[in-house]
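Numbering of residues begins at 1 and proceeds along the displayed sequence. All values below come from the heavy atoms of this structure, side chains included, with hydrogens, waters and symmetry mates left out.
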Amino acid sequence: MSGGHTTRIEYHPGKDNHTKEQAQISTTRQRGWLLLEWLGTQVFGLLPDHPFVNRAIAKLFYFFCNNKTLPNLNEPVRFNEKLINLKLSAAARTPLRREVTDKEHVKTFVTRTCGPGHVTPTLGLIRQGDDIDGLVFPLPCVVKPTHSSQEVLHLATHQPTTAERRRMKYWLRKDYFDASREPNYKGLDRKLIIEPIIGGQFGALDDIKVMCFGGKPKLIQVDHGRYDGHYRDFYDLDGRHLPASLKYPNSGRAFDYYDQLKDVLAMASGLCAGFSFMRADFYIDGSAILVGELTSFPSNCVHGFRPLAADLMIARLFDEPELALSPALFDDNALGISDGQDGLSGIKRAHDLAA
């Protein structure tokens with residue numbers, strides 16, 4: 001689907017200073033996620049975009065991808081339970097949320113909000129699969145779909161193989177709304193964006209992500225070594241390490257970005273204004289603060305924080321965006337719960353204690 005566009009390929013001039021030889025890296029996906037994605041593209045797409053259907057699919061993802069239990073969407077207290085309810089609401093379908101989901105159009109929004117110099121240059125756009133065969137890519141570069149998530153192809157020193165060109169064609173055919181039922185992706189034009197590598201080497205820069213609730217920055221996530229020994233740490237707005245993890249283990253590293261912290265938080269506040277929840281994703285490349293993307297529903301609402309006390313505390317921010325986080329608030333013992341405690345009664349007790 002090309003959205004009515006007739007341009008076959010668009011190149012944008014840009015200078016790339018990277019000369020170091022780099023190995024090709026592309027992301028891998030978990031088998032369970034790939035199975036659900038296949039079901040999404042083959043089966044879910046046949047189902048109507050209806051609240052009952054979308055709610056059932058959201059529960060299916062939550063159960064099979066990570067939790068082996070169903071979310072309680074009637075009395076939500078966990079982070080992902082509240083996030084799923086947002087995903088199922090009308091607030092997830094606003095034109096602005098759709099605009100900032102598109103990896104091409106979000107750059108215009110970032111420049112409009114934060115001024116010039118905060119986005120990675122666009123080297124090219126591909127809108128039709130036929131243009132991929134025989135195309136000479138501007139090496140080194142990364143290629144990713146603008147209408148999808150968690151997919152990227154890294155081209156360092158050689159042109160894509162036949163298999164990689166097939167993968168890019170698949171990306172252009174794929175409807176990510178069908179695969180995930182994240183409503184902000186519905187109806188986005190299917191296209192690929194070509195960008196230069198930043199940081200001198202693919203994956204060399206940390207991912208710095210600011211979670212905002214009610215437009216207010218509340219929590220900082222830093223991912224180290226995303227494609228080689230992935231660690232993930234969380235910090236409060238003063239850069240203090242928080243005892244929380246999400247999918248990947250903590251590295252225990254001190255916060256490294258105090259010099260840029262004030263500017264990053266100010267940019268996140270501007271970018272996320274008007275959204276009940278939004279995550280602003282940054283890279284720091286020398287003196288430049290670059291916005292990678294804005295993320296509405298991290299990991300499609302399937303990965304929760306650990307321990308349970310951390311998950312419940314962060315979930316409170318949906319209703320209490322003025323709450324100031326600190327390491328002391330994440331103490332399991334202070335809440336009288338254990339990470340293995342399951343069931344609505346235990347969770348509600350912990351939530352009542354936290355409040």
Side-chain angles (χ1 to χ4, degrees), residues 26-41 44 54-55 57-73 76 78-89 92 97 100-101 103 106 144-145 147-152 174 176-186 203 206-213 218-227 230-234 242 244-250 272 275-282 292-308 310-312 314-315 317-318:
S26 58
T27 56
T28 58
R29 312 290 291 277
Q30 294 180 349
R31 288 184 179 181
W33 185 271
L34 286 171
L35 175 60
L36 278 174
E37 182 181 275
W38 179 85
L39 283 173
T41 55
F44 296 163
N54 296 336
R55 187 182 178 94
I57 292 174
K59 288 184 175 183
L60 186 68
F61 268 98
Y62 184 91
F63 182 90
F64 282 104
C65 284
N66 191 52
N67 301 283
K68 302 301 183 287
T69 186
L70 292 174
N72 186 337
L73 302 182
R78 290 182 180 267
F79 173 77
N80 280 315
E81 290 171 344
K82 292 179 179 287
L83 193 60
I84 290 171
N85 276 344
L86 174 60
K87 187 178 79 166
L88 297 174
S89 74
R97 195 178 285 271
V100 302
T101 298
K103 291 180 176 62
V106 70
K144 51 192 175 184
H147 58 289
S148 185
S149 177
Q150 301 184 59
E151 293 169 317
V152 59
K174 175 182 170 183
Y176 190 69
F177 171 75
D178 285 349
S180 70
R181 288 299 165 118
E182 293 184 47
N184 46 308
Y185 284 95
K186 185 175 182 179
D206 288 342
D207 295 77
I208 303 162
K209 307 172 188 290
V210 181
M211 292 189 181
C212 297
F213 296 78
K218 304 304 298 185
L219 185 69
I220 302 169
Q221 172 185 325
V222 179
D223 287 69
H224 317 280
R226 185 174 176 184
Y227 300 98
H230 196 162
Y231 290 90
R232 175 174 289 164
D233 294 273
F234 291 90
L242 295 173
S245 64
L246 182 68
K247 188 178 180 180
Y248 298 102
N250 291 163
C272 299
F275 295 105
S276 56
F277 173 84
M278 183 66 75
R279 195 187 73 197
D281 300 351
F282 298 90
E293 59 185 293
L294 297 181
T295 302
S296 291
F297 306 105
S299 300
N300 201 15
C301 317
V302 300
H303 296 298
F305 290 91
R306 300 183 70 87
L308 177 58
D311 195 87
L312 295 172
I314 295 169
L317 293 169
F318 283 97

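Contact detail for A315 and F79: the closest heavy-atom pair is CB-N, 3.4 Å. Looking at every heavy atom in both residues, D206 comes nearest to G225 through OD1-N, 4.5 Å. The shortest non-hydrogen separation linking P76 to K82 is O-NZ, 3.4 Å. Here the closest non-hydrogen pair linking A92 and R97 is O-CD, 3.5 Å. The shortest non-hydrogen separation linking S149 to K103 is CA-NZ, 4.2 Å. What you find for N85 and L73 is that their closest heavy atoms are ND2-O, 3.1 Å.
Geometrically, K186 engages F177 in a cation-pi contact defined by less than 6.0 Å to the ring centre and at most 45° from the axis.
A salt bridge links K174 to E151: one of the charged nitrogens lies within less than 4.0 Å of a carboxylate oxygen. The residues D311 and R306 are annotated as not salt-bridged, no charged nitrogen and carboxylate oxygen being separated by less than 4.0 angstrom.
Take F234 and apply the ring-ring contact (aromatic ring centres under 6.0 Å, His included) test, not counting sequence neighbours, and it matches F305. Scanning for ring-ring contact (aromatic ring centres under 6.0 Å, His included) contacts around Y185 gives Y176, with sequence neighbours left out.
The shortest side-chain heavy-atom distance between R55 and I84 does not fall under the 4.5 Å cut-off. With a 4.5 Å cut-off on side-chain heavy atoms, F64 and V302 do not count as touching. The side-chain heavy atoms of Q221 and R279, taken from C-beta on, include a pair separated by under 4.5 Å. Residues D223 and K209 have side chains in contact (heavy-atom distance under 4.5 Å, counting atoms from C-beta outward).
Expressed to the nearest 0.5 Å, how far CE of M211 lies from CG of L219 amounts to 5.5 Å. Considering SG of C212 and CG of L317, their distance stands at 10.5 Å, rounded to 0.5 Å. Distance check: Y62 OH to N67 CG gives 4.0 Å after rounding to the nearest 0.5 Å. Atoms CZ and CZ, on F213 and F318 in that order, are 5.0 Å from each other to the nearest 0.5 Å. A distance of 10.0 Å separates CG in N72 from CZ in R78, rounded to the nearest 0.5 Å. Taken from CG in L60 to SG in C65, the straight-line distance is 8.0 Å, to the nearest 0.5 Å.
Checked by atom type and distance alone, the side chain of D207 never pairs as donor or acceptor with a backbone atom of H224 at under 3.5 Å. One N or O on the side chain of R232 and one on the backbone of L246 form a donor-acceptor pair closer than 3.5 Å. Not a single donor-acceptor pair under 3.5 Å links the side chain of D281 to the backbone N or O of L294.
A donor-acceptor pair shorter than 3.5 Å cannot be found between the side chains of H303 and N80.
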The test is side chain to side chain contact (heavy atoms under 4.5 Å, CB included); show your working for F297 and L83 and say whether it passes.
CA-CA 7 Å; F297 306 105; L83 193 60; 3.9 Å; yes

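Here the options are R181, E182, K87, the test is side chain to side chain donor-acceptor pair (under 3.5 Å), and the partner is N54; only R181 passes.
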